[in-house]
Asks: 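Got a structure for you, written out below as C-alpha cells; questions coming shortly.
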Amino acid sequence: MTGTDRFFRVLCWVVALCVVVFMLFPLVITVLVSFSASQVYTLPPPEWSLRWYQALGRRTGLLDALLLSLNLALISTVISLVLGTAAAIGVARGQFRGRAALATFAVSPLMMPGLVLGVAMLQFFREIGLRDAYWSLLLAHIVITLPFIMRTLLAAMGSFDFSLVDAARTLGMSYPRAVAKVLIPNLAPAYLTGGLFAFLASMDNYPISIFLTDVFNRTLPIRMLQYMEESPDPSIAAISTGLIMLAVIALAVAARTVGLNRLITG
Amino acid sequence: MRLSRQSDRIGLLVLPGLAYLGLIYALPLFLLLLKSFRDATGDLSVVEFVQIFNDPLQRSIMARTLRVAFLVTVLALVIAWPTAIVMRRAKGKWLTLFLVAMILPMSLGVVVKAFAWSILFRTNGFINQSLMALGLTDAPVRLLFTETALVIGAANVFLPFMVLPIYAVLQQQDPNLPDAAATLGAGPYQRFFKVVLPLALPGVVAGCAFVFSMAVSMYVIPSLIIGERQQTVAMQIARSFLFLRNEQLGSSLSTILLLIAVSVVLASSWLASRLGARQ
C-alpha cells in the first residue's frame with residue numbers, strides 16, 4: 001500500500017463519518033428541540049420541559065390527520081400487496097411478450113415527479129366526477145405504494161424456485177392456496193421490506209395528497225406543513241420526534257427479522 | 001401442452017394491477033400532456049410553452065430549478081462516493097452505523113427533515129451559533145432563504161438514493177480487484193480510473209438520475225427552506241393550481257417537469273445498459 005492509498009483511505013473514512021453526522025444531526029436536533037422549554041429554538045435549551053408535548057393536545061385536527069394517514073397507508077399497502085403479488089407472479093411465470101417493459105412500467109411511478117402526478121390525478125378525478133376526497137386519496141395512494149411492492153416482489157420472484165408451488169399443487173392444493181402457503185412464507189423478507197417502505201411512502205406523501213385533500217381530509221404531512229406556516233413553535237418538533245421514534249421501532253423490528261443489509265438490497 | 005396453457009393463464013394475473021396503473025396513473029398523465037398542448041379553443045398548439053419560454057421570470061425560475069438540481073446531484077455524488085467505498089469495507093457495528101445513518105432518515109417523511117433544516121438554518125439557529133462560537137463570523141449569516149441552504153438541505157434528504165445504488169454495485173465487485181491491478185503495476189490513480197470507477201459506473205448513473213429527477217421536482221424542501229420569493233418550477237405548479245387558479249400555466253409547467261424527469265430516466269437507463277453491455 002502506497003502513501004497515496006493510505007491518504008485516500010483516511011480521507012474516505014473522514015468523509016463517511018462526517019456523512020453519518022450530517023445525516024443523523026438534523027434528527028437529533030429535532031428531538032432536543034422538542035424537549036426544550038423555550039419558544040425559540042436555542043440550543044442547548046435553557047430548560048428542559050414537556051410543554052410542547054402537552055401543547056399537542058391543543059392542536060386541532062392532529063389526531064384526525066394521524067388516523068387518516070394511518071388508514072390510507074394501511075389500506076393502500078394491503079391492496080397493493082394483493083395486486084402486486086398477482087402481477088409479479090404474472091411477470092415471473094407468464095409467457096407473453098413485453099414482460100420487461102411491463103415491469104418497468106409498474107415501477108415507473110417511483111421516478112415521476114409527485115407534484116405532476118398529483119396535478120394529473122386532480123384533473124382526471126374531476127373529469128370523471130369523483131369529488132370525494134377520501135376515495136381520491138385512497139386511489140392515489142395505491143399508485144404510491146404499488147411500485148415499492150412491485151420493485152421488491154419482482155426482484156424476489158426472479159430468484160424464487162416456482163417448482164415449489166407446482167409441487168404443492170401436485171399435492172392437491174389450489175393455486176391461490178399454494179401461493180399463500182408456499183410462495184408468500186418463502187418470500188416473507190421481501191413482503192416485509194416492500195410493505196414497510198410502501199407504508200412509509202404513503203404516510204409521508206405530500207406532493208400528491210395536497211391536490212386531493214379537502215377541509216375534512218387532511219393527511220398528517222399536510223397538517224404539519226400547515227402548522228409550520230401558521231405557528232411554527234416546537235410542538236412540530238414534538239410531532240416529528242414521535243415519527244422518528246416510530247421509524248426507529250420499525251427499523252429495529254426489520255433489522256431483527258430481515259437484517260438491515262437485506263432491507264436495502266431487497 | 002397443458003403446462004404452456006397454464007402459464008398462458010398465469011400471465012393474465014398481471015391484468016388487475018396493469019389495468020389499475022393504466023387507469024389511475026398512465027391515463028391521467030396522458031390527459032395532462034394532451035391538455036397542455038391545446039390552446040383555449042381546444043386546438044393543438046404550443047402557444048403556452050412559447051409564452052413560458054419568452055417570459056424572463058419563468059426562464060429565471062427554470063434556470064434556478066435546474067441549477068439547484070444539478071448542484072444537489074454533484075454535492076450528493078461527491079460525498080456519497082467515499083461513503084459507499086467505506087461502507088463496502090466496513091463490518092459489524094460500523095456497517096450497522098452507516099446503514100442506520102442511511103435508512104433511518106430515508107424512512108422519515110420529507111416534512112420532518114425539511115423542518116429540521118429550517119431550524120438549523122435560522123439566524124439564531126445552531127449553525128450560526130457554532131460559527132460565532134468558533135469566531136468564524138461576528139454577526140449571524142443569513143442562511144435560511146438562500147440557495148446554498150436549499151442545496152445542502154436537499155442533498156441531505158436525497159443522499160441515501162445516491163449512496164445505496166453505488167454501495168450495491170461496489171458490493172458485487174470482487175474486493176481483490178484493485179489489489180490485483182496493483183500487483184500488475186497499476187498506480188493508485190490508474191486503479192481508480194481504470195478498475196474501480198468503470199465497474200461502479202452503473203450505480204453512479206442510477207444514483208445521479210434518481211437524485212436529479214427528485215431534486216428537479218422537489219416541493220416541500222424549497223417551500224420550507226427558501227420560501228416564496230425565490231420560486232422553483234414545482235412551487236409554481238402548486239401555486240398555479242392551489243392559489244392562482246391558473247390551471248393552463250400549471251399544466252404546461254407540469255408537462256415540462258414531466259418531460260425532464262422522463263428524459264433523465266430514459267437517458268440513464270440507456271446509459272446503464274450500454275455500460276452493462278460493455279463489461
Side-chain angles (χ1 to χ4, degrees), chain A residues 2 4-5 11-13 15-16 19-20 22-24 26-27 29-30 33 40-43 83-84 86-87 89-91 93-96 102 106 109 111-113 115-116 119-121 123-124 139 143 200 203-204 206-207 211 221 224-225 228 236 240 243-244 247 250-251 260-261 263-265, chain B residues 4 7-8 10-14 16-18 20-21 24-25 27-29 31-32 79 82-83 85-86 96-99 101-105 107-113 115-117 119-120 122 124-126 156 159 164 168 188 213 217 219-220 224 234 237-238 241 250 254 257-258 261 265:
Chain A
T2 64
T4 326
D5 276 326
L11 187 70
C12 281
W13 269 94
V15 174
V19 161
V20 170
F22 179 56
M23 295 305 286
L24 296 179
L27 310 184
I29 291 292
T30 306
V33 161
V40 291
Y41 303 90
T42 40
L43 280 169
L83 288 176
I89 293 177
V91 171
R93 296 291 279 167
Q95 300 285 325
F96 55 95
L102 201 121
M111 303 288 208
M112 291 296 158
L115 218 59
V116 176
V119 168
M121 285 178 184
Q123 293 184 335
F124 178 68
L139 289 176
V143 175
L200 291 171
M203 278 291 284
D204 296 340
Y206 183 90
F211 292 103
M224 284 177 69
L225 213 68
M228 284 178 215
I236 299 153
S240 300
L243 292 172
I244 293 172
L251 277 194
L260 283 178
N261 225 339
L263 207 57
I264 52 164
T265 47
Chain B
S4 86
S7 50
D8 279 352
I10 284 177
L12 295 179
L13 282 174
V14 301
L18 184 65
Y20 189 88
L21 285 180
I24 309 289
Y25 160 67
L27 182 60
L29 281 180
L31 291 176
L32 177 79
I79 58 178
T83 311
I85 295 264
V86 169
T96 308
L97 175 71
F98 289 123
L99 286 173
M102 291 298 135
I103 304 174
L104 179 61
S107 45
L108 279 166
V110 69
V111 176
V112 171
K113 284 172 284 186
F115 167 71
W117 282 104
I119 303 177
L120 285 168
R122 268 157 206 270
N124 58 355
F126 184 84
N156 174 271
L159 190 65
L164 296 180
S213 59
S217 59
Y219 171 70
V220 176
L224 278 176
I237 294 174
F241 274 93
S254 302
L257 213 52
L258 185 68
V265 169

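Letters A, B, ... are given to chains in the order of the sequence lines, protein chains preceding strands, and every chain is numbered from 1.
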Asks: Below 4.5 Å, heavy atoms only, C-beta onward: do S107(B) and L200(A) meet side chain to side chain?
Replies: yes
Asks: So for L159(B), is it side chain, backbone, both, or neither that comes closer than 4.5 Å to the heavy atoms of chain A?
Replies: side chain
Asks: I'd like to check D204(A) versus V110(B) (side-chain heavy atoms, cut-off strictly below 4.5 Å). Are they in contact?
Replies: no
Asks: Is there a side-chain contact between F115(B) and M224(A) (heavy atoms, below 4.5 Å)?
Replies: no
Asks: Restricting to side chain to side chain contact (heavy atoms under 4.5 Å, CB included), what partner residues turn up for L13(B), sequence neighbours left out?
Replies: A86(A), I89(A), I10(B)
Asks: Can you say whether I244(A) sits under 4.5 Å from chain B via the side chain, the backbone, both, or neither, judging by heavy atoms?
Replies: both
Asks: Please state whether the rings of F211(A) and F241(B) are parallel, tilted or perpendicular, taking 30° and 60° as the class boundaries.
Replies: perpendicular
Asks: Can you tell which part of Y206(A) gets under 4.5 Å to a heavy atom of chain B, answering side chain, backbone, both or neither?
Replies: side chain
Asks: Looking at side-chain heavy atoms only, is the closest gap between T83(B) and V20(A) below 4.5 Å?
Replies: no
Asks: Which bit of A234(B) is near chain A, if near means a heavy-atom gap under 4.5 Å: side chain, backbone, both or neither?
Replies: both
Asks: Under 4.5 Å from any heavy atom of chain B, what part of M112(A) do you find: side chain, backbone, both or neither?
Replies: side chain
Asks: Side chain, backbone, both or neither: which part of L164(B) has a non-hydrogen atom closer than 4.5 Å to chain A?
Replies: side chain
Asks: Does V143(A) offer a backbone N or O that forms a donor-acceptor pair with the side chain of Y20(B) under 3.5 Å?
Replies: no
Asks: Let me know if L31(B) has heavy atoms under 4.5 Å from chain A in its side chain, its backbone, both or neither.
Replies: side chain
Asks: Side chain, backbone, both or neither: which part of I236(A) has a non-hydrogen atom closer than 4.5 Å to chain B?
Replies: both
Asks: Which atoms of M121(A) are under 4.5 Å from chain B, going by heavy atoms: the side chain, the backbone, both sets, or neither?
Replies: both
Asks: Could you look at L251(A) and say if it's the side chain, the backbone, both or neither that has a heavy atom under 4.5 Å from chain B?
Replies: side chain
Asks: Do V19(A) and F98(B) have side chains that get closer than 4.5 Å, going by heavy atoms?
Replies: no
Asks: Please enumerate all residues that pass side chain to side chain contact (heavy atoms under 4.5 Å, CB included) together with P26(A), with sequence neighbours excluded.
Replies: A116(B), W117(B), L120(B), N156(B)
